[in-house]
Structures are given as C-alpha cells and as structure tokens.
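The sequence lines fix the lettering, A, B, ..., with proteins before strands; numbering per chain opens at 1.
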Amino acid sequence: MDKTYEPHSIEQQCYQRWENDGLFKAKVSGDPAQQPYCILLPPPNVTGSLHMGHGFQQTIMDVLTRYHRMKGDNTLWQVGTDHAGIATQMVVERQLNALGKTRHDLGREAFVEKIWEWKEHSGGTITSQMRRMGASSDWDREVFTMDENLSKAVTEVFVKLHEDGLIYRGKRLVNWDPVLHTAVSDLEVLNEEEAGHMWHMRYPLADGSGSIVVATTRPETMLGDTAVAVHPDDERYQAYIGKQIKLPITGRLIPIIADDYVDPEFGTGCVKITPAHDFNDYDMGKRHNLPMINIFTPDAKVNDEAPEAYRGLDRFDARKAIVEQLEQDGVLVKIDDHKLKVPRGDRTGAVIEPYLTDQWYVAIEELAKPAIEAVESGEIRFVPENWSKTYYQWMHNIQDWCISRQLWWGHRIPAWYDDNGNIYVGRDEAEVRSKNGLDDSVALRQDEDVLDTWFSSALWPFATMGWPEKTPELETYLPSAVLVTGFDIIFFWVARMIMMTKRFTGKIPFKDIYITGLIRDESGDKMSKSKGNVLDPIDLIDGIDLESLVAKRTSGMMQPQLAAKIEKRTRKQFPDGIHAYGTDALRFTFAAMASTSRDINFDMGRVEGYRNFCNKIWNASRFVLMNTETEDTGRDGGELVLSLADRWIWAQFQQTLGEFEKAISEYRFDIAAQTVYEFTWNQFCDWYLELTKPVLNNDEATDAEKRGTRHTLINVLENLLRLLHPLMPFITETIWERVAPLSALNVKDGDSIMVQPFPTADAAKQDEQVLADIEWVKRFIVGIRNIRGEMDIAPSKPLSVLLRNASEEDERRLGISRTFIDRLARLEGITFLAKGEEAPASAAALVGEMEILIPMAGLIDKDAELARIAKAMEKIEKDAARTKGKLTNEKFVSNAPEDVIEKERAKLADAESQLAKLSAQRETIAAL
RNA sequence: GCGUCUAUAGCUCAGUUGGUUAGAGCGCUACCUUGACAUGGUAGAGGUCGCCUGUUCGAAUCAGGCUAGACGCACCA
C-alpha cells in the first residue's frame with residue numbers, strides 16, 4: 001500500500017469496476033427467501049447539478065442500500081431524473097433571451113426540441129456527480145419522467161381520474177405568474193411580508209347623498225370593483241346597504257352589500273370588492289352573484305375593460321396613475337404605511353396575480369382520505385415522528401390541485417376539443433374518436449397545456465416499476481422500505497405520492513419517511529448563490545484553489561453588485577482554497593451530522609477530522625499488512641493462541657457491531673458513525689495495535705501465540721472494513737482487496753467487498769471477563785502515564801514501580817497482562833509490597849484498591865506531587881460530599897430504588913477509601 | 001392567529017425511558033520525530049446545560065411561564 005492515503009487515486013477506479021461488474025443491479029426475481037429492500041431516489045432536476053442537500057440525502061440512501069445489500073436483502077435503489085417543467089423551460093428560455101429571441105419566435109415544436117437538446121447536453125451532470133459520491137444505484141433502471149413508459153403512466157392516471165370524476169376543468173381564480181404566463185399551484189406561491197401602503201379613498205353614493213371611504217392595498221384594482229361590502233351589523237353603515245356607489249374614474253355603478261366576512265374593526269370597515277383579482281373577493285362575488293371584471297392581460301397589464309388612459313399600463317404603473325387621478329379628483333383621503341404579505345412565484349419572484357382562467361383540477365378530498373389514514377394507522381411512519389403533524393395539518397385543509405400549466409415543456413394534457421367547445425379526454429386522439437364516435441370530419445385539437453411536474457413525480461413509486469403493466473418489480477419493490485427526503489417537499493411530493501399510489505395500486509408507496517434536515521453554512525445561514533456561501537460537494541471531494549472558488553462563487557450572479565462582498569468573505573474563510581478530502585470523508589461527515597435535529601450547520605472542521613480518520617484507517621491497515629503479509633496468519637491451519645488483547649478486541653468488535661446495527665435500524669446515522677469511529681480509533685488503533693506489539697516483537701512468544709495475534713489482527717481488520725463499507729465504500733474496498741486474501745475468508749481474485757456479507761454477531765466472542773481485565777490494564781497504564789505527564793518524566797524513561805494493597809484478582813490480572821503493561825507503561829520492574837511493608841516516598845496512582853507507587857527519588861518534585869495529590873483529593877471530596885448529602889437525606893434513602901442507593905453507597909465507600917490513601921500519601925510526602 | 005422546532009465547552013454538535021464525575025470532533029496548553037500514522041502520540045485546561053417557577057428523594061432530561069432565534073400553514077381588504 002502507498003505510504004499516504006490519497007483518495008482521488010482510489011475512488012474513480014473502484015466505482016468503474018463496481019458499475020462494469022453489474023454489482024449495483026437489482027435481481028428483480030431473486031431468491032424468494034430474500035427480503036426485498038427498495039429505496040426510491042427523489043428524482044433531481046435532469047439538468048441540475050449536485051448540491052450539499054443531494055450529497056447528504058444520497059449518502060444516507062447509499063449507506064442503507066449498501067448495508068441491506070450486504071445483509072443479503074434483494075436490494076434496489078431506483079434512480080431517475082425529473083423533467084422539472086418550469087425550471088428547465090426557464091433555463092432554455094433564458095438562453096434564447098440572451099440571443100435576443102423568445103420561445104414564441106421558435107414555436108412550440110422547435111422550442112421543445114431545443115429543451116431536449118439541452119437535456120442531452122447537461123442531463124448527465126448530476127448522475128455523474130452521484131457516481132462521484134459513490135451511489136450504488138441501479139443505473140440500468142434509470143428513468144426520466146418524460147420517458148415513454150412514464151408518460152404512458154401519466155396519461156393513464158389522468159384518464160382514469162377523469163373517468164372517476166376526480167379531474168375536472170373549470171374557470172376559477174388561480175395564482176397567475178405574469179412572467180411565466182402560467183398558472184401555478186398554491187404551494188408554488190411564497191407569501192413574504194413587505195412594506196407597502198394602505199390607500200383610503202372616498203367612493204361617492206350614486207344618489208349624491210353622501211360617500212363612504214374604503215381602504216385598499218391595491219388601488220389599481222378599483223378598475224375591476226363590482227361592489228363595496230360592509231358588515232351586516234355595522235351600525236355606521238346600516239343606511240348604506242343596498243345603495244349604489246358611483247365608482248370614481250370608471251363611473252360604473254356598483255352596489256353596497258353586507259357580508260359577514262368584513263371585519264368592522266379593520267380599516268374603515270368598508271371593503272372594495274374585486275372578484276376577478278382577489279381570492280376573498282372572488283368568494284364573496286360568488287356568494288352575491290357579482291359580475292367578475294378581469295382588468296388585466298396575461299402579463300398583468302391593464303386590458304381593454306379599463307378606461308382608455310390606463311390600457312396597456314403595467315399594474316404598478318397603473319397604480320401610480322390611478323392614485324394620481326384620485327388625488328386630483330380629491331377622493332384620496334390618506335395614505336398609510338402598511339405591512340402586507342405579497343405573493344410571489346417561487347421560481348420567478350414575480351408578484352402573483354389572482355387571475356380568472358380555465359384550468360384543470362384534481363378533486364383532492366377523495367384521494368386525501370386514504371392517504372391520511374395510511375399515516376394515522378401507522379402503516380406509514382414519519383421519522384422523526386413529529387412531521388406527521390405537519391402532514392396532517394396540510395392534508396386536513398387540502399385544496400383542489402390545479403394541475404395544468406401554460407408551459408411547453410412537460411406532459412401534454414390528454415384532452416381534445418372540437419369546434420363546438422366539447423371536451424374529450426382519452427389516452428390518445430384515436431381513442432377519443434372511437435369512444436365518442438367522432439370521424440375524421442370532426443376537427444379535434446389537443447389541449448395546449450402541460451401537467452404540473454409534480455403530477456408525474458407523484459406516480460414515481462409505481463410508474464418506475466412498470467405500472468400500468470403488472471410487473472414483478474411492482475410485486476417485489478412496492479412498497480419501498482424508506483423514502484429519504486427533505487421537509488420542503490412533504491406537500492409537493494410525499495403527500496401526493498401517498499395519494500396516487502394508494503389510489504392506483506391500493507398499496508402504500510413506502511413504509512418509512514425519513515425527513516432530513518437542511519444543510520446550512522457554518523453559521524446557520526441557508527446556502528444560496530446570492531449569499532455566496534454555497535459549497536459544492538465535488539469541491540470538498542477534489543479540492544479547489546482559492547481563485548477558482550472565488551470565480552465560481554461570483555460568476556453568473558443575479559445581483560453582480562454582491563460579488564465584491566462574496567469575494568472578500570470567501571478569501572477570508574478559505575485563504576488556501578478547499579483541500580481535497582475525498583468522498584469517503586465527506587460521506588462520513590454527512591452521516592455523522594445526520595442527527596434528529598432539523599437543520600445542519602456544515603462545519604468544515606468535521607470533514608477535515610473525518611479525512612484524518614480515513615488516514616488513520618489507512619495507516620492502521622498498513623501496520624496490519626506489514627505484520628501479516630509475509631507472515632503466517634493461520635489461514636492454512638496451525639495452532640492459534642489468542643492473547644488477552646486478541647480476545648478483548650473481538651469482544652469489543654461484537655459490541656460495536658451491535659450498536660452500529662441498532663443505530664442504523666433507527667436511522668441514527670450519527671450514532672452509527674460515532675460508534676465505528678470510536679471503535680476504530682480509540683480501541684483498535686490506540687489500544688489494540690499497541691497491545692499486539694509486545695506479542696509480535698517478543699522473542700519468547702511462541703509461534704502459536706504470534707500466529708494467534710496475526711490472525712486476530714488481519715481478521716478483525718477484515719471484519720471492520722466490512723462494517724465500515726456502507727459509510728466509506730472506496731477506502732474499504734481498496735484496503736479490503738489487500739486484506740481479504742490473508743483473512744479467513746475464501747475470496748477469489750476480483751471479488752468486491754460490496755457484495756460480501758455484512759459481519760455477523762458471534763456470541764462466543766463476547767467475553768465480559770476479558771473486557772473487565774483490559775479495563776484494569778488500561779487503568780494501570782493510564783495511571784502511570786498520568787504521573788509521567790504531570791511530573792514531567794520523559795515517556796522514554798523506564799520506571800520501576802511498587803504495588804501496595806494488591807488483591808488476588810490484581811495479581812491474577814497482572815499475571816496475564818505483564819508484557820502489555822511493561823511495554824505500554826515503559827516499566828522495568830514491578831514489585832509487590834507485602835502487608836505492612838514500608839515503602840519509600842512515592843507518587844501514587846490508584847487502580848481500585850491497589851496503589852501503584854513510583855518512588856520519588858531523583859524523579860519527582862515534592863511540591864509538584866503535593867499539588868497533584870491536592871488536586872485529586874479536591875475532586876474526590878467534592879464528589880463525595882454530594883454523595884454523602886444524598887445518603888444522609890432521609891427522603892432519598894426511603895424513596896429511591898434500592899439499586900440506586902446501593903450504587904451511591906458503593907461510590908461513597910470508594911471515594912472514602914481513595915481519600916484515605918491519598919491523605920496518607922500526602923502525609924508521607926509532606927514529612928520528607 | 002394555528003402549528004412545529006432550536007437554545008449544552010471558544011466553534012460545530014451528541015446526551016435514548018429523570019439517577020455519570022454532562023460527552024465527541026475542531027480549536028487551545030504542555031510534552032513527545034517511541035519503526036503504522038505529525039492528517040500522529042501522551043497528558044491537560046475549558047460548561048451555573050438560555051432564564052424563572054414547579055413536580056420529584058433526585059431535573060440538561062418532565063410540566064408551566066418567559067426570553068432569543070428558525071420554520072410551516074392560514075390571514076384583514
């Protein structure tokens with residue numbers, strides 16, 4: 001093995017081999033005894049690139065996939081990409097705009113062709129980045145939401161829902177994005193509070209008998225007012241109800257109506273009603289049969305319904321003009337500052353206009369019911385559990401889903417119109433004609449609109465498995481085991497998958513929903529291009545120099561004026577750019593940070609720490625190989641005598657394995673990572689490897705003993721690599737190829753760790769006695785190191801120690817561990833003191849009741865030792881006082897459970913005994 | 001308005017059903033080139049667990065309140 005760990009030199013070739021050898025492939029009709037285990041990848045935007053959130057979630061999915069594959073399950077990680085209607089269309093449209101063209105210049109067909117080209121061009125980015133992350137997904141089954149099969153499923157679902165009366169077309173007020181010229185769903189509208197104004201304007205009564213004042217945040221909509229409303233019980237306005245208003249500017253006559261909806265306390269208690277441009281007004285308009293006057297064009301300019309002076313004005317210019325006119329007319333009473341929620345499109349940021357159009361809707365209630373029940377019954381489980389509350393809250397108040405989009409990129413709605421305004425829905429035009437008896441003389445044209453992207457994503461769990469055909473995949477992999485995703489798409493995607501899958505397969509789509517937190521930057525800010533704090537997972541893997549990083553962060557910005565600030569910040573945070581940490585370190589970091597809390601502040605220090613961990617594994621493996629590669633490891637027989645340390649590390653490994661598997665089963669990847677980290681570094685490297693040296697370098701050790709230790713070294717490492725593999729696939733594969741042939745495993749050339757069985761627990765290797773014995777050994781060694789450290793005795797200086805008050809058990813333990821202790825504590829002599837035997841002045845360490853004495857002569861400073869003793873005593877005294885307090889508390893003794901009291905008593909006794917020894921020690925030293 | 005979450009060491013975070021001496025990594029201090037590893041080793045410093053009240057023999061942990069922050073949903077024109 002190379003002397004230094006260099007991730008980039010090992011990762012690429014591993015992955016290529018795995019993929020070429022077909023190791024990711026699901027065996028759909030595998031051994032029926034195998035448990036199916038399936039994970040669905042939330043399909044990323046086909047033209048997108050990998051961000052930290054993807055890297056994080058995909059790491060978790062891959063850990064689970066690799067783990068279950070090694071456990072012997074029939075495992076499938078289903079991948080695919082999403083056509084992402086709006087996002088993708090916008091990208092290509094922007095490219096056209098840069099050339100001074102619009103999509104309308106090209107026409108629909110050519111434009112869609114352009115998008116397909118763009119998809120071919122940049123469609124591979126994210127999937128190749130997934131490969132860099134080590135994703136072991138079945139690429140042979142990769143699908144795209146606009147593939148023929150998926151499109152077929154989309155049409156099928158649409159037609160069936162329509163047949164069942166759950167899809168309908170209607171003219172309603174929708175959220176209209178005037179930049180994109182399309183309707184969007186409620187979920188795609190973000191309401192942010194912004195500073196605005198409240199205009200108070202006086203509307204005169206038509207009969208000239210007076211006027212009332214209305215307050216509005218959108219004065220320009222007065223062009224479409226069709227009523228003024230007051231509360232029916234509002235005494236101020238009783239006389240006005242039923243009268244007519246003469247609307248300023250337009251001169252139209254509109255009624256004053258009474259409606260409970262009006263809050264008399266707010267504003268003036270009089271509300272202008274614009275049914276065609278406000279959702280509440282729309283409802284009121286329907287209640288009172290008011291006319292609905294649409295005053296805007298699709299790009300939110302004033303249309304021909306308005307007086308000529310305003311036609312063609314943008315809504316915000318129209319606002320200015322109207323306010324000006326009202327002021328001139330003397331009907332503008334006042335303007336107050338006012339904070340209001342402004343609805344904006346999540347893609348464009350444009351102010352959304354409520355707009356009357358014909359759209360397709362899914363009647364959602366009937367679909368929602370079984371989807372709610374699936375979670376209530378526990379059939380589907382949210383992890384962490386509290387997300388189910390969020391789910392219920394939305395599902396219980398769910399509104400019909402507007403699924404049509406006035407875009408060109410997406411699944412065309414399977415509806416046709418004849419010249420008489422009849423609508424026919426069918427799988428294709430031929431079916432529509434035959435079903436409805438329409439011959440070729442009837443001209444039909446297909447609906448121009450496409451479906452919301454999320455409509456097709458909602459079918460993901462079954463459409464990817466070949467539905468509507470009855471396939472073995474559907475049989476085997478539905479429901480999938482777990483969905484790993486972010487809370488931001490619970491409504492967009494998760495809920496809709498549950499609804500659609502229940503409806504069309506009768507099954508749930510997945511059993512568990514593991515909701516991950518959001519990856520934020522180190523100070524808790526959301527990563528965004530405009531903040532300039534975005535990290536690219538690939539840059540953490542390969543590294544990036546400062547200049548390239550600055551260039552990357554400041555290029556293609558929407559707000560170029562921020563570039564200087566971002567550059568400064570970047571140069572400060574990464575003066576040397578970003579080091580190459582490798583995929584395994586990054587994956588381990590993601591796993592270690594995946595705790596139950598909601599968001600994750602990404603800390604570069606952790607990646608570096610886990611890169612060091614990789615390095616540790618690398619070097620420990622080099623040590624093991626160095627001692628085994630050209631030696632007898634007992635592979636071909638030969639007697640094995642295991643040392644205390646050998647038996648201990650096996651016992652430790654059993655514990656670690658158990659804790660790891662428990663953590664994985666509970667989706668506690670942080671605990672899983674921490675467990676293996678602790679074992680590998682603090683047990684295997686820090687102790688076990690050191691404990692093998694006294695055996696391997698001991699001329700007096702027998703061949704069987706050396707063979708036993710070498711056998712343990714290589715086999716514990718081999719098992720450890722398999723344990724680590726789901727988390728860090730590349731380094732484990734690379735080392736394993738060298739290690740496995742020396743281990744007890746029967747491997748052939750070219751075998752891969754990723755299809756080996758996961759380590760299994762071996763009860764015979766669990767050994768409480770051995771664990772306790774090594775604990776004692778560690779305390780012995782640490783006690784001496786402690787004194788060395790604090791007394792400034794060089795680690796290289798051999799010491800002779802005396803043991804006082806040793807029990808038979810202490811003697812037994814020393815007997816079996818003498819060589820370990822001599823070497824690790826660097827001792828040249830150990831002498832037992834007989835009872836009552838005088839000891840020279842010494843520094844002392846306690847191991848239980850036994851005292852380890854290091855004679856001070858020439859080594860130890862009197863004052864330093866007194867200080868050390870005082871410090872130790874102070875600590876114990878403080879603790880003992882607390883324990884004593886508890887035990888003298890009558891209520892504690894009578895109420896606490898017996899074992900807790902017993903524990904406290906033992907603790908106190910222990911503390912008192914230690915104090916007695918320390919104080920005797922102090923007297924001896926002080927007397928010198 | 002309804003709902004969810006967070007507050008623990010200088011920093012980023014763990015802390016399972018109340019019972020330890022409250023942990024880890026990074027950073028910090030001292031010492032160490034000991035034949036796997038300085039991307040390392042050994043030893044150490046550092047915390048009134050946001051604040052208050054309560055429940056309890058016992059609270060970082062449970063309850064109530066407060067403060068600060070994050071988020072979701074619905075909203076008053």
Distance in angstrom units between A:Asn786 CG and B:G41 C1', rounded:
15 Å
Would you check if the distance from the ring center of A:Tyr677 to the ring center of A:Tyr610 is below 6.0 Å?
yes
Describe, in one word, how the ring planes of A:Phe382 and A:Tyr391 are oriented to each other, choosing from parallel (under 30°), tilted (30 to 60°) and perpendicular (over 60°).
tilted
Expressed in whole Å, how much space separates the P atoms belonging to B:A24 and B:A9?
14 Å
Rounded off to whole Å, could you give me the CZ-to-P distance for the A:Arg668 and B:A14 pair?
8 Å
Same-atom distance (C1') from B:U16 to B:C52, integer angstrom
28 Å
Can you check the distance between B:C51 and B:C13, where both ends of the measurement are the C1' atom (answer in whole Å)?
23 Å
Defining pairs by Watson-Crick or G-U wobble geometry with both distances under 3.5 Å, how would you list the stems of RNA chain B with at least three pairs each?
B:1-7 with B:67-73, B:10-13 with B:23-26, B:28-32 with B:40-44, B:50-54 with B:62-66
Walk along nucleotides 19-38 of chain B from 5' to 3' and tag each nucleotide B, S or - by protein heavy-atom contact under 4.0 Å, base first, then sugar-phosphate.
BSB---B----------BB-
Specify the separation, in whole Å, of atom OH of A:Tyr5 and atom P of B:G40.
14 Å
Looking across every strand, which nucleic acid part, if any, lies under 4.0 Å from A:Phe491 by heavy atom: base, sugar-phosphate, or nothing?
sugar-phosphate
So, OP1 or OP2 of B:C73: does either fall under 4.0 Å of a side-chain N or O from A:His396?
no
Parallel, tilted or perpendicular: which fits the ring planes of A:His197 and A:Trp199, with parallel below 30° and perpendicular above 60°?
perpendicular
